Amino acid sequence: MTATDPGRTLGELAVRFGCTLRGDPGVRVGRVDRLEGGPDAIGFLVNPAFLPLLRASRLGAVIVAPAHADECPSNALVHANPHATFARIAGLLHPPAPLEAGVHPLAHVDPLARIDASAQIGPFAVIEAGAVVGPRCLVGAQACVGAGAQIGADTRLHARVTLCAGSIVGARCIVHPGAVIGADGFGNARDGAAWIKVPQLGIVRIGDDVEIGANTTIDRGALGDTRIHDGVRLDNQIQVAHNVEIGAHTAIAACTGIAGSTRIGSRCMIGGGTGIGGQITIGDDIVITGFGMVTRSLEAPGMYSSVLPVEEVRHWRRIVGRIKRLDALNARVSALESAAGAAAEGQEDDN
Amino acid sequence: MTATDPGRTLGELAVRFGCTLRGDPGVRVGRVDRLEGGPDAIGFLVNPAFLPLLRASRLGAVIVAPAHADECPSNALVHANPHATFARIAGLLHPPAPLEAGVHPLAHVDPLARIDASAQIGPFAVIEAGAVVGPRCLVGAQACVGAGAQIGADTRLHARVTLCAGSIVGARCIVHPGAVIGADGFGNARDGAAWIKVPQLGIVRIGDDVEIGANTTIDRGALGDTRIHDGVRLDNQIQVAHNVEIGAHTAIAACTGIAGSTRIGSRCMIGGGTGIGGQITIGDDIVITGFGMVTRSLEAPGMYSSVLPVEEVRHWRRIVGRIKRLDALNARVSALESAAGAAAEGQEDDN
Amino acid sequence: MTATDPGRTLGELAVRFGCTLRGDPGVRVGRVDRLEGGPDAIGFLVNPAFLPLLRASRLGAVIVAPAHADECPSNALVHANPHATFARIAGLLHPPAPLEAGVHPLAHVDPLARIDASAQIGPFAVIEAGAVVGPRCLVGAQACVGAGAQIGADTRLHARVTLCAGSIVGARCIVHPGAVIGADGFGNARDGAAWIKVPQLGIVRIGDDVEIGANTTIDRGALGDTRIHDGVRLDNQIQVAHNVEIGAHTAIAACTGIAGSTRIGSRCMIGGGTGIGGQITIGDDIVITGFGMVTRSLEAPGMYSSVLPVEEVRHWRRIVGRIKRLDALNARVSALESAAGAAAEGQEDDN
């Protein structure tokens, strides 16, 4: 939960965030809200579907694109990117809770750990030998920074995050509760019926400005490291296997799983529930819609999908029956073509 | 693990739970068991497939529907809903472990938290400032109730549950280990290549009689709240994104993910592994079979599916090839129709 | 993170692991590495795609199959199973961190728990009444062993594992952070609109030599137990529902969900993101490719799949449209067949 700012004038906000102000620069707003909010708040509009709400809005100000400025009944902060401007103003008006520098008396800090004096270490947190916690970091209640692990300046590990031994997190990262960074990858060698564990000897390296969701898991590398580059956004309950590499500014929605040694490029957007196979390469600027199944490398930027939306179950069962017999249907069509003397002439390869 | 009741007479059980007793009201049962169990236990039958087990049962009593009462070789408690009656009797005979009221000396409770004297707070639990813990609550070992969060009477947060700042849980709820309630939603605004974090300012509001499974995550709202209504059942490893609303008595099986701002109605049943897209509406009384992918709103009550069951891999690969060439197959059929002078006459739109 | 061994001679390794040595038995290697590594390390080759790297390798030694021995420019340890041999040598050179026997002063151990003197109990760990921790076990920081739970010799519960009351883990198991073993299964009986909780009275029984990944959940049985047999490998974020049974040496990749009462045989390999329905039986030696959906029992050993790989989205949308109209396409083909006097003659049943 964040504190509420005492308020800023629209004039200050316009200057600070590069907006054109239409209205009274002396009006103060202290919080952000939806278009239905009150005169002490500022909101935003991106989706034209909400124009009726904009026209009826009683907000103190609304951040809008130039095309919508005339529709705004109150003060308008006009900017080409209203959503990003809203995010920045919201961050200013609702900053994260201020840190209380120091180590909580109920934390356990190994004498060989190095913790910056400006960092906050919560109750029942564990900081093991050789760990390094940078300036203005938060290690939340019940969180753990393993032996030799490092977190850069201004990074916040919220309650109950586990950063395993040796892993490295950059600056200004946010990690949400229950995330596990640096557990062993799934490395097993078959020997007859049994499996022999393959020791997992790499670490996880996470860049700057990365956010990692609740209960997400990122495994350490087997040999070599698992790498999450700057600015990546990972939602909740994502699984990142050993030796995966995720390029800068890629955003991945919840419940996605990425198998071992796969490389994902920069600026990709991957929808929730997606499964990505191992040892493949996904290029830059690739978009995958939710619930996609990626089993081969994708190079060309673009949008990819394999989602099959639900149907009423009786209809769906008929469809599944048809799918299972597509081979037979194809054979029937081929037979008709042969009979009609109109065979496929190479447009269909039947292997 | 639950304690075992010293035992109840069938007469008492019949009166208390509105059953018709066929047999000896003085027989005592002290626990529930499967149909294969012994004479000190009581079981139930719903599925007629298990009638042979019923006929051979040595249980002290069996809860059965009227249609099966004659098949029961032992004492029978006859009720129109044997499963619910079994659940109630099992709850009576195997109550949860009794609370040990008080704050464990190894818990950390902020002086500004309010904890009812009848509540139990486990070792290494954290109760932050402004939190409210109601009568007869359990906050398990290593659990955390964040600043200003509230839990209603008789609610049990088991070991290692994280309830983030400000979130509210009603009465008689059960939350299993590793669940994270109220972490930030996945809110990001794109600005060139980079993402700007959108502060998540709402909370999670959970009604009464809700059960939440292990390692399930429920994100706080961005603006406005995420709401789980009374009587909802969420299994393990479910992801509920920001601003989702789940209607009363809806049950959702494990590994389901629900994207942001989606509204699910009351009394729905959603199978495991289902993916539900964002900003859609699912009406009341809708059933979705497991592994379904829901990408549009569903209004009409009924059962929906998109599951594609596995096939032997060689067959499946041929099918996938056929699916990928369905457009071509359709064109071949259209060509045959044209050649036969039997064109589709509007029954097929080819865009 | 594991310590580095001072080094072993190739002669010693060849004898210990049954390899044929081609080269200098006095050469010492102290760690394992990739084929690109240096002369102080030993690597392996399985996949012939990496033969160019082998030919250029500067490693002190490489473990290879007989067929590749001639390609190895450095010392070669020749073995029919290079991967398993590599795993064993890596385990020797990089053993897990040595235990520090004893109970950390910041752990909470109930006086009625039994902990072997050689076990290590980390800070903020909880060992409840009646729990049994065997010789040379690790109970990591912030982990919990519930009332009456047991862990066998040499088992390691890493940081923040929750083993719920009564559950039993065998010897030499490894459980990674965030795993929850023995939470309640999803048992609910419908009663009108509402759900009645069905008490979950069984436990989880885990055999020897089992490894369980981060944030995986394994529910206790409802009546009877959930069973994981010897040598099973479970990756991260797997959900195992109540009363599931998983046979010996079966390996399951991340994000797979298994619904209640399903039995999986021995030596199966199940790809990541797979969904397995409830109350079905999967035989021994069955392989399911990633993202498969299993809704019926599978008996015959073999490989099964239902994955639909992503396509460019415009193409995919056309395909989905075709899939949804397969019934109509089939009818068109049937009409053509009738018109051509070449009806399907029983090869197609249209119900």
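In the text below, chain A, chain B and the rest are named by the order of the sequence lines, each starting its count at 1. Treat the numbers as computed from the prediction; the structure is a model and nothing was measured.
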Not counting sequence neighbours, which residues clear ring pair (Phe, Tyr, Trp, His ring centres under 6.0 Å) with B:His104? List them please.
C:His108

Give the minimum heavy-atom separation between C:Ala183 and B:Pro177, together with the two atoms involved.
CB-CD, 4.1 Å

Among the options C:Ala189, C:Gly185, C:Ser306, C:Ala149, pick out the one with the most heavy-atom pairs lying under 4.5 Å from chain B.
C:Ser306

Are B:Asn330 and C:Arg332 linked by a side-chain donor-acceptor pair shorter than 3.5 Å?
yes

Heavy-atom pairs under 4.5 Å with chain C are the metric here; pick the option from B:Arg267, B:Arg34, B:Arg314, B:Arg233 that has the most.
B:Arg233

B:Phe124 and C:Ala107: which non-hydrogen atoms are nearest, and at how many Å?
CZ-C, 3.9 Å

Proximity breakdown for B:Ala90 and chain C, heavy-atom pairs closer than 4.5 Å:
both

Write out all pairs satisfying side-chain hydrogen bond (donor to acceptor under 3.5 Å, both in side chains) with one or both partners inside residues 79-88 of chain B, taking only residues at least two apart or from two chains.
B:His79-B:Thr85, B:Arg88-C:Asp191

Under 4.5 Å heavy-atom distance to chain B, tell me which part of C:Leu326 shows up: side chain, backbone, both or neither.
side chain

If you tally heavy-atom pairs under 4.5 Å between each of C:His315, C:Glu311, C:Met303, C:Glu128 and chain B, the highest tally belongs to C:Met303

Derivation of the side-chain contact (heavy atoms from CB on, under 4.5 Å) call for B:Met269 and C:Arg190
CA-CA 11 Å; B:Met269 291 195 289; C:Arg190 196 148 199 180; 3.5 Å; yes

What part of C:Cys164 is in contact with chain B, defined as an atom under 4.5 angstrom from a non-hydrogen atom: side chain, backbone, both or neither?
side chain

Out of B:Gly273, B:Ala254, B:Ala84, B:Gly37, return the one with the most heavy atom pairs under 4.5 angstrom to chain C.
B:Ala84

Best-contacting candidate, C:Leu298, C:Asn215, C:Thr295, against chain B by heavy atom pairs under 4.5 angstrom:
C:Asn215

Student check: side-chain heavy atoms of C:Ile319 and B:Asp327 closer than 4.5 Å
no

Please report the closest heavy-atom contact between C:Ile323 and B:Ile323, naming both atoms and the distance.
CD1-CG2, 3.8 Å

Chain B contacts, top residue of C:Val307, C:Leu308, C:Val333 (heavy-atom pairs, under 4.5 Å)
C:Val307

Which portion of B:Val46 sits near chain C, non-hydrogen atoms under 4.5 angstrom
neither

Is any residue of residues 234-242 of chain C within less than 4.5 Å of chain B by heavy atoms, and which ones?
C:Gln237, C:Ile238, C:Gln239

Residues B:Glu211, C:Lys197; criterion side-chain contact (heavy atoms from CB on, under 4.5 Å); working and verdict:
CA-CA 9 Å; B:Glu211 186 162 354; C:Lys197 179 178 176 68; 2.7 Å; yes

Top residue by heavy-atom pair count (under 4.5 Å) with chain C, among B:Val232, B:Asp33, B:Asp209?
B:Asp33

Winner by heavy-atom pair count (cut-off under 4.5 Å) against chain B, out of C:Val198, C:Leu223, C:Leu106
C:Leu223

Step through the shown structure and confirm whether more than 12 heavy atoms of other residues, nucleotides or ligands are within 6.0 Å of CD on C:Gln279.
no

So, the part of C:Ala300 with a heavy atom under 4.5 Å from chain B: the answer is neither

Please report the closest heavy-atom contact between B:Gln142 and C:Ala143, naming both atoms and the distance.
NE2-O, 3.1 Å

Scored by heavy-atom pairs under 4.5 Å with chain B, the best of C:Gly257, C:Gly277, C:Ala193 is C:Ala193

Counting only non-hydrogen atoms closer than 4.5 Å, does C:Ile258 touch chain B with its backbone (N, CA, C, O), its side chain (CB onward), both, or neither?
neither

May I ask you to decide if C:Pro309's main-chain N or O and B:Lys324's side chain share a donor-acceptor pair within less than 3.5 Å?
yes

Side chain, backbone, both or neither of B:Ile252 within contact of chain C (heavy atoms, under 4.5 Å):
backbone

Donor-acceptor pair, B:Glu337 side chain versus C:Leu336 backbone, under 3.5 Å?
no

Residue among B:Ala251, B:Gly271, B:Ala253 with most heavy-atom pairs under 4.5 Å to chain C
B:Ala251

Which value, rounded to the nearest 0.5 Å, describes the distance between C:Thr274 atom OG1 and B:Phe291 atom CZ?
9.0 Å

Residues 296-305 of chain C vs side-chain hydrogen bond (donor to acceptor under 3.5 Å, both in side chains), sequence neighbours excluded, gives C:Thr289-C:Ser305

Engaged part of C:Ala259 at the chain B interface, taking heavy atoms whose separation is under 4.5 Å:
neither

